[in-house]
Amino acid sequence: MQYAQIILPLNLKGTFTYKVPEEIQSTIQLGMRVLVPFGGKKIYTGIVFEFHDEEPTQFVAKEVISILDEQPILPLEQIKFWKWLSEYYLCNLGEIYRFAFPSSLKLESETYLKLKPNITVEFENLDVNEMYLIQALEVRQLINLTDIEAFIPKKDIIKTINSLIDLQYIEIDEKIAEKYKAKEVAYVKITDEVLKNNNLTEILLSLKRAQKQKDLFLHILEKQTENPDLHIKKSELFEDGYFASSHFKSLADKNLVEEYYMQRDRIESYEGEIEEVEELTEIQKAAKNEVDEAFEEGRNVLLHGVTSSGKTHIYLEKIEECISEGKNVLFLLPEISLTKQITQRLEKKYGRQLGFYHQKLTDFEKVEIWRRIKNNDVKILIATRNALFLPYLNLGLIVVDEEHDSGYKPREVSPFFNAKDSALVLANFYGANVILGSATPSVESYYLARKEKMKYIFLNERFGNVKLPEFELINFKEAQDSKKVSGNFSLKLIDEIKKTLEEKNQTMILHNRRGYASVLECESCGYVNYCSNCDVVMTYHKAANEMKCHYCGQRASKPKTCPKCYSENLNERGVGVEQIHEEISKIFPDNEVDRMDVDSMRKKFAYEKLYVKIEDGETDIVVGTQMISKGLDFDHIELVAIPKADSMLYVQDFRAEERAYQLITQVSGRAGRVSGKGRILIQTFNPDHSVFQLIKMNNISKIYKYFLTERQKFNYPPFTKLIMIELKHRRDEKVNRASQFLGSVLRKYLPEDCILGPERSQIARLNNLYQFQVMLKLPRGKNYDKFKSLVLLSLKEFDEITAYQSIKKDVFVDF
DNA sequence: AATCAGATACAT
DNA sequence: TGTATCTGATTG
């Protein structure tokens with residue numbers, strides 16, 4: 001055990017070899033964090049990945065400076081998981097490390113040093129640098145590695161620190177634990193004294209001349225008596241700006257109200273009333289038994305339940321079972337937004353044993369969850385995909401809700417991995433079970449489940465026997481020909497909305513395209529506005545009166561005249577959701593029409609406000625992008641309209657039809673949840689298109705059969721495995737040449753029918769980088785590993801060309 | 001990622 | 001000739 005392979009938080013291939021000094025050889029363990037020098041003068045927090053005794057021949061290994069953990073921060077299961085991820089997804093361990101750890105757990109040169117307590121330093125044995133450092137520490141107690149540079153030459157820093165540590169004079173200060181202070185939230189209440197004395201009239205009289213104070217007092221009193229168990233947040237009082245903190249202070253001074261503090265998770269959680277969850281229905285019970293059976297056989301489950309079939313109830317049952325066995329649960333969601341149904345009940349029952357983890361937490365909040373997971377204080381974690389990396393001790397169940405959702409494999413952030421597939425692997429390492437749940441499973445999962453790799457459980461009935469919504473196709477071509485249209489809406493569709501409004505019900509309109517118009521085109525010269533960073537036309541946003549690039553986010557003001565020919569006639573082409581919203585508002589001027597898309601929801605609490613508005617029935621019609629298909633469960637939505645359904649289908653992507661089906665089904669699930677009379681109107685130029693016909697029939701096994709046949713016909717997943725390699729560089733010509741070279745190398749090893757490209761990516765230039773791609777279609781099964789190793793070989797050969805090292809290369813496995 | 005050596009560009 | 005800037009290689 002003389003040498004250790006260390007993972008560094010850098011996007012570099014493989015691990016790095018370090019010598020383990022004898023005095024720490026007995027304490028160092030796999031999964032511990034260690035400080036190591038790297039490069040000229042940097043110190044990084046690395047992770048011990050492997051031990052061995054082979055002295056490296058190509059270089060001289062440096063020594064580990066010190067160990068940062070008493071116990072390994074990563075359990076062995078996680079080390080195995082990282083290894084698997086990096087091999088399967090062809091990504092670097094360092095990338096995984098950086099993604100997995102909150103930054104304060106991987107401090108770099110920010111690490112602090114301090115003097116060991118009660119030591120006597122023998123200065124005569126020290127060199128100049130060592131003396132400087134000791135003296136500095138005597139004055140300052142704590143010192144940062146970067147600060148040391150001020151008085152010790154860079155090249156000597158590490159040597160100096162090491163020798164002082166060896167002499168037992170100084171030590172590394174691990175301040176992380178104390179750095180985090182649990183946040184306390186201020187709550188308010190009427191003082192017990194007031195409640196006891198029952199002299200309200202007297203009090204109100206005394207506040208006669210202080211109107212606001214009186215109002216505030218009554219406001220708090222009312223809230224408190226309404227529901228004595230509810231805590232009233234202090235910040236809540238001042239939200240609408242009517243009361244100010246001075247009013248509260250005056251009341252507090254008079255001893256009428258008081259504030260108290262409680263520790264709360266930093267993530268705001270639901271504090272309202274708890275809905276009693278009904279017992280499982282017979283159908284749900286049967287499904288749950290099937291889950292039990294599957295788990296006993298050691299198989300995972302795909303729970304395919306139509307919208308509102310009560311998948312959540314089954315999750316809850318299994319979660320409680322798992323916890324009562326003393327194991328932990330990870331509940332994965334594609335994104336943390338509204339997760340009410342699942343949190344409500346769990347929070348009441350498990351309180352502080354319930355945790356949340358997602359990308360939007362601050363670093364300290366993340367560290368807190370790490371600590372709580374490590375101490376086994378969290379029994380259930382509701383989280384997004386980055387929670388796969390937490391140091392679970394005893395994971396028993398992973399639930400992947402909405403498993404089809406693309407949020408599980410975002411293309412923007414490396415490392416590129418699919419959280420759903422990875423969850424299955426991680427669970428396997430922990431000996432845990434997995435439930436994948438969705439109303440519209442991905443074709444891949446469906447196929448696996450049908451091939452008995454997982455247990456397939458189908459819940460075909462809405463909870464409480466509520467009927468599924470009915471689909472109707474409107475032939476827009478016919479409507480146009482017979483002049484029965486107004487703008488983008490057929491008169492029939494308008495009529496149906498009208499009827500819904502008359503019945504005091506709500507309508508949702510789905511149009512999955514942001515902005516007002518996708519292009520502004522000059523009428524006389526055909527000029528269109530391109531983003532200056534990307535080869536993409538800019539979208540016109542009328543509400544903000546600007547042009548936006550949806551890929552890099554660049555914004556520009558809307559041109560009044562054509563910049564090329566100065567014509568004033570600019571045509572709007574391509575309908576966006578803003579335009580649909582505008583049209584509907586004009587058709588129904590007396591009704592409340594709201595818009596929900598990322599642009600209108602950007603303001604703080606915009607989403608929450610709209611949510612309440614819809615819930616209270618103040619909104620009659622919601623127009624929105626795919627956002628409206630998630631998390632909006634209301635009782636009075638009876639109609640869902642999709643005016644331009646075709647736009648979802650004709651996207652250059654083999655998954656376009658699947659996604660269209662998923663989106664339409666998800667959004668249709670919002671309709672008629674209580675009444676069972678929900679209706680979905682799909683307006684299309686191609687009512688005969690198989691996807692629309694199949695959706696209308698609502699025969700789920702037929703739909704998936706259709707998808708699978710198509711996939712098989714064109715050799716797409718799940719019948720093959722795709723790897724996409726994308727090359728990017730500032731210089732078009734350079735990346736073009738590189739991609740040609742990569743193509744030729746790949747063709748040397750792989751059969752021709754496996755390789756598509758190289759070719760320009762659909763977006764030829766993104767953020768000023770030119771992009772080329774090669775798509776690989778590899779066979780499944782035994783041959784896959786062989787083919788993949790050949791891909792690896794090709795990539796290695798490509799990397800050896802020094803001229804191409806500046807080219808950024810992204811590899812997407814299971815594209 | 002960060003650093004450093006070497007190459008290139010540019011002003012004196 | 002010296003200095004600023006860029007490029008590419010290397011790090012254990």
Shortest non-hydrogen contact between A:L388 and A:S422, atoms and distance: CD1-CB, 4.0 Å
Flag for A:N328-A:N376: side-chain donor and acceptor within less than 3.5 Å: yes
Whole-Å gap separating C1' (C:dT11) and CD1 (A:I7): 17 Å
Closest listed nucleotide, where the reference is the side chain of A:Y44 and the choices are B:dA2, C:dT7, C:dT11: B:dA2
Length of the OH-P vector between A:Y18 and C:dT11, whole Å: 11 Å
Shortest non-hydrogen separation from A:P415 to A:R385 and the atoms involved: O-NH2, 4.1 Å
Rounded distance (Å) that lies between atom P of C:dT11 and atom CG of A:L8: 13 Å
Gap between atoms CG and P, on A:N11 and B:dA1 respectively (whole Å): 6 Å
Rounded distance in Å - NZ (A:K13) to C1' (C:dT10): 15 Å
Identified side-chain contact (heavy atoms from CB on, under 4.5 Å) partner of A:K728 from the options A:K809, A:R765, A:Q771: A:Q771
Out of C:dT7, C:dT11, C:dG8, whichever nucleotide has its closest atom nearest the side chain of A:K734: C:dG8
Sugar-phosphate, base or nothing in reach of A:I6, heavy atoms under 4.0 Å: nothing
C:dG12 pyrimidine/purine six-ring stacking with A:F59, under 5.5 Å and 30°: yes
Distance in angstrom units between A:L10 CG and B:dT3 C1', rounded: 12 Å
Protein-nucleotide distance (A:R98, atom CZ; B:dA2, atom P), rounded to Å: 9 Å
Nucleotide B:dA2, atom P - distance to CD1 of A:I43 in whole Å: 15 Å
